[in-house]
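A quick write-up on the structure given underneath.
Below, each value reflects all heavy atoms present in this structure, side chains not excepted, and no hydrogens, waters or symmetry copies.
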Amino acid sequence: MNILFVVWTSYPKDSMYADPSVWYRCYQPAEAIRSLGHYVSVEHFSDVSSIGGEFDVVIFFRPLFSNAFVELFYKFEGCGAACVASYDDMFFDINLLRHTNFRGQSVDQRKILDSRPYNYAQALYFFDRFVVSTDAMRDAIVELHPEASVHVLYNALSPAALEVARVASVDAAVRRVPRRIGYFAGGAAHSPDLKMISQGVASAITKANAEFFCVETVDVPPSIISTGRVVTTPRLTYMKMIMAYATCCVTIAPLTIDRFTIGKSGIKYLEASSVGAVAVATPIPDIMRVADDRLLPVRVTDDWEDKLLEALEMPVGPQIAAYQQDRLRKCFSTITEAQTLANVLERWRVSPVQNELRDGSVASISTFFQHTAHPGLAQ
């Protein structure tokens with residue numbers, strides 16, 4: 001098969017792989033599918049207007065409704081390609097706007113609410129076939145679109161990432177800092193999550209004489225800074241991030257639980273596990289799907305201190321890292337996920353479906369949203 005990923009991202013197109021979502025949901029799957037013998041290309045949406053009909057499947061990642069989107073969609077569909085929408089967050093559900101990372105972050109809230117979420121939601125109704133990252137997200141799409149075909153492509157670790165983890169943690173190319181607690185947030189939207197648990201983290205750091213390490217994608221709360229045991233680093237490439245994980249004994253993955261975050265992926269535990277680190281995390285469904293006894297779930301905010309202190313006493317080292325890497329290679333590999341995805345895409349390629357909602361014209365979409373859109377959203 002010839003497969004094209006078309007990417008929408010807020011990152012500049014020449015650095016779109018710096019967007020963690022694009023890395024997990026486009027770059028890594030593309031690499032894995034290529035290893036199975038298929039041709040795969042990943043392109044920014046603004047660069048595909050000249051691409052013809054050589055693709056059997058076109059995967060639109062986080063598509064935003066616009067004239068350009070409509071033109072691309074109908075061009076590829078007209079060429080006989082199977083058009084698929086791919087999501088790793090529930091941006092498409094306008095009822096969940098209050099929970100998305102559009103909130104705050106120095107962005108004009110009204111402007112955002114009047115445009116992007118509506119455009120995400122509107123684009124969704126062009127599709128009948130979807131690739132998503134978690135079971136909860138699959139359920140959300142089926143709730144909105146009961147006739148949809150949805151495949152869950154779980155986030156996983158690539159052979160390249162596991163090799164970097166092996167070199168860093170088993171060969172000990174990276175020094176593990178004693179009692180270091182790491183936080184590897186995907187972006188500034190997770191600052192409230194760290195703030196939520198900051199008192200417990202600060203107390204654990206003080207009591208255990210530990211160190212807090214994080215990437216400068218989040219604001220470190222004053223209570224943690226005041227411990228005087230904080231180390232930060234600028235944003236890292238993916239492989240350098242894996243090496244930074246290897247400097248940690250414990251990592252954290254806090255989230256405020258709501259209808260939006262239950263759709264999040266458990267990839268942060270897989271990354272921590274790849275270097276033999278312990279993880280303390282909010283027990284969202286997908287992280288519990290991949291969990292073993294080295295993940296300590298925290299269900300009550302007041303328990304973060306105790307769980308961190310417990311985690312800091314758990315063993316780490318090359319033997320544990322090697323054991324965990326073998327588990328990940330067998331159970332949570334991008335190659336395994338790619339094989340399943342390729343089978344699904346082949347089935348979709350030879351079995352076209354019809355979307356009655358958009359059958360006829362783009363006007364049908366607008367009519368639909370006039371009756372269903374949130375009253376506060378621009379039409």
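Outside the 6.0 Å centre-distance limit, the rings of F60 and F126 are not counted as a close aromatic pair. Taking the six-membered ring wherever Trp is involved, the centroid distance between the rings of Y238 and Y24 falls below 6.0 Å. Aromatic rings from F55 and F76 are positioned such that their centres are separated by 6.0 Å or more. Side-chain rings of F127 and F73 approach one another, their centers coming within less than 6.0 Å.
A distance-only check finds a donor-acceptor pair linking the side chain of R229 to the backbone of A210 [under 3.5 Å]. Of the possible polar contacts, none joining the S133 side chain to the N155 backbone as a donor-acceptor pair under 3.5 Å is found. Side chain of D171 to main chain of A173: no donor-acceptor pair is present (N/O by atom type, distance under 3.5 Å, no hydrogens or angles). Of the possible polar contacts, none joining the K268 side chain to the I287 backbone as a donor-acceptor pair under 3.5 Å is found. At least one donor-acceptor pair under 3.5 Å links the side chain of T261 to the backbone N or O of T256. Within the 3.5 Å criterion, the main-chain N or O of D56 finds no donor-acceptor partner in the side chain of N2. S203 places no side-chain N or O within donor-acceptor distance of the main-chain N or O of G200, the cut-off being under 3.5 Å. In terms of modelled atom types and a separation under 3.5 Å, the side chain of E337 and the main chain of Y154 share a donor-acceptor contact. Of the possible donor and acceptor atoms, none in the side chain of S333 sits under 3.5 Å from a partner among the backbone N and O of K330. Checked by atom type and distance alone, the side chain of R180 never pairs as donor or acceptor with a backbone atom of E211 at under 3.5 Å.
Rounded to the nearest 0.5 Å, atoms OG1 (T336) and CZ (R329) are 11.5 Å apart. Interatomic distance, CD1 of I252 versus CG of L296, reported as 12.5 Å (0.5 Å rounding). With rounding to the nearest 0.5 angstrom, the OG1 atom of T247 is 9.0 Å from the CZ atom of R175. From R129, atom CZ reaches atom CZ of R349 across 12.0 Å, with rounding to the nearest 0.5 Å. The line from CD1 of I262 to CG of D135 is 11.0 Å long, rounded to the nearest 0.5 Å. Put simply, OG on S169 and CE on M243 are 10.5 Å apart, with the number rounded to the nearest 0.5 Å.
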Let me see the working for I257 and I284 under side-chain contact (heavy atoms from CB on, under 4.5 Å), right down to the final yes or no.
-> CA-CA 7 Å; I257 290 288; I284 56 173; 3.6 Å; yes
What do the steps show when you test E271 against T251 for side-chain hydrogen bond (donor to acceptor under 3.5 Å, both in side chains), and what is the final call?
-> CA-CA 10 Å; E271 291 164 350; T251 69; over 6 Å; no
Please lay out, stage by stage, how S21 and T9 fare under the test side-chain contact (heavy atoms from CB on, under 4.5 Å).
-> CA-CA 9 Å; S21 290; T9 174; over 6 Å; no
Evaluation steps, side-chain contact (heavy atoms from CB on, under 4.5 Å), between C249 and M314 | CA-CA 9 Å; C249 300; M314 294 175 67; over 6 Å; no
Check the pair Y323 / Q319 against side-chain contact (heavy atoms from CB on, under 4.5 Å), numbers first and verdict last.
-> CA-CA 6 Å; Y323 175 85; Q319 289 185 322; over 6 Å; no
So R179 and E313, salt bridge (charged side-chain N to carboxylate O under 4.0 Å, His left out) or not? Walk me through it.
-> CA-CA 9 Å; R179 309 183 84 74; E313 297 305 316; 2.8 Å; yes
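Looking at every heavy atom in both residues, L255 comes nearest to T282 through N-OG1, 2.9 Å. When every heavy atom of L236 is checked against every heavy atom of M241, the shortest pair comes out as CD1-CA, 3.8 Å. G182 approaches C248 most closely through the heavy-atom pair CA-SG, 3.6 Å. Smallest separation of non-hydrogen atoms from D219 and S191: N-OG, 3.0 Å. Closest approach of Q28 to A156, counting heavy atoms only: NE2-O, 3.4 Å. Of all heavy-atom pairs between V230 and I225, the closest is CG2-CA, 3.9 Å.
For the 3.5 Å distance criterion, the side chains of T134 and D286 fail to qualify, holding no donor opposite an acceptor. Defined by atom type and a distance below 3.5 Å, a donor-acceptor pair is missing between the side-chain atoms of R294 and S273. With hydrogens and angles left out, the side-chain atoms of D292 and Q324 include a donor and acceptor closer than 3.5 Å. Side-chain N/O atoms of N67 and E71 include no donor and acceptor closer than 3.5 Å. Side chain to side chain, H190 and D193 meet the donor-acceptor criterion of an N or O pair below 3.5 Å.
Cluster membership for I335 and L345, using ILVMFWY side-chain heavy atoms within less than 4.5 angstrom, is not shared. No continuous path of hydrophobic side-chain contacts links Y11 to M239 [ILVMFWY only; heavy atoms under 4.5 Å]. Two different hydrophobic clusters hold V201 and F213 under the rule that ILVMFWY side chains link at heavy-atom gaps under 4.5 Å. A continuous path of Ile, Leu, Val, Met, Phe, Trp and Tyr side chains, each step under 4.5 Å between heavy atoms, connects M90 with V142, placing both in one hydrophobic cluster. Under a hydrophobic-cluster definition in which Ile, Leu, Val, Met, Phe, Trp and Tyr are linked whenever side-chain heavy atoms come within less than 4.5 Å, directly or via other members, V278 and I242 are assigned to different clusters.
E163 CD: more than 12 foreign heavy atoms inside a 6.0 Å radius. Within a 6.0 Å sphere centred on CD of E147, heavy atoms belonging to other residues, nucleotides or ligands number 12 at most. Atom NZ of K195 is surrounded by 12 or fewer heavy atoms from other residues, nucleotides or ligands within 6.0 Å.
Exactly one residue among F5, W8, F65 makes a ring-ring contact (aromatic ring centres under 6.0 Å, His included) with F45. That residue is W8. Tested against V280 for a side-chain contact (heavy atoms from CB on, under 4.5 Å), the candidates L295, I197, V298 yield a single pass: V298. The side-chain contact (heavy atoms from CB on, under 4.5 Å) test with R25 is passed by exactly one of V131, V132, I59: V131.
Between C26 and M16, the closest side-chain pair of non-hydrogen atoms is not below 4.5 Å. Here the side chains of F184 and Y245 are in contact, with some heavy-atom distance below 4.5 Å. In this structure, Y17 and V42 have side chains that are in contact, with non-hydrogen atoms separated by less than 4.5 Å. Considering only heavy atoms from C-beta on, R327 comes within 4.5 Å of F332 through its side chain. Inter-residue side-chain proximity for I320 and P315 is flagged as met; some heavy-atom pair is nearer than 4.5 Å. Taking 4.5 Å as the limit, every side-chain heavy atom of N119 sits out of range of all side-chain heavy atoms of S66. By the 4.5 Å heavy-atom criterion applied to side chains, Y39 and E54 are not counted as neighbours. Within the 4.5 Å cutoff, the side chain of I224 has heavy atoms near those of the L194 side chain.
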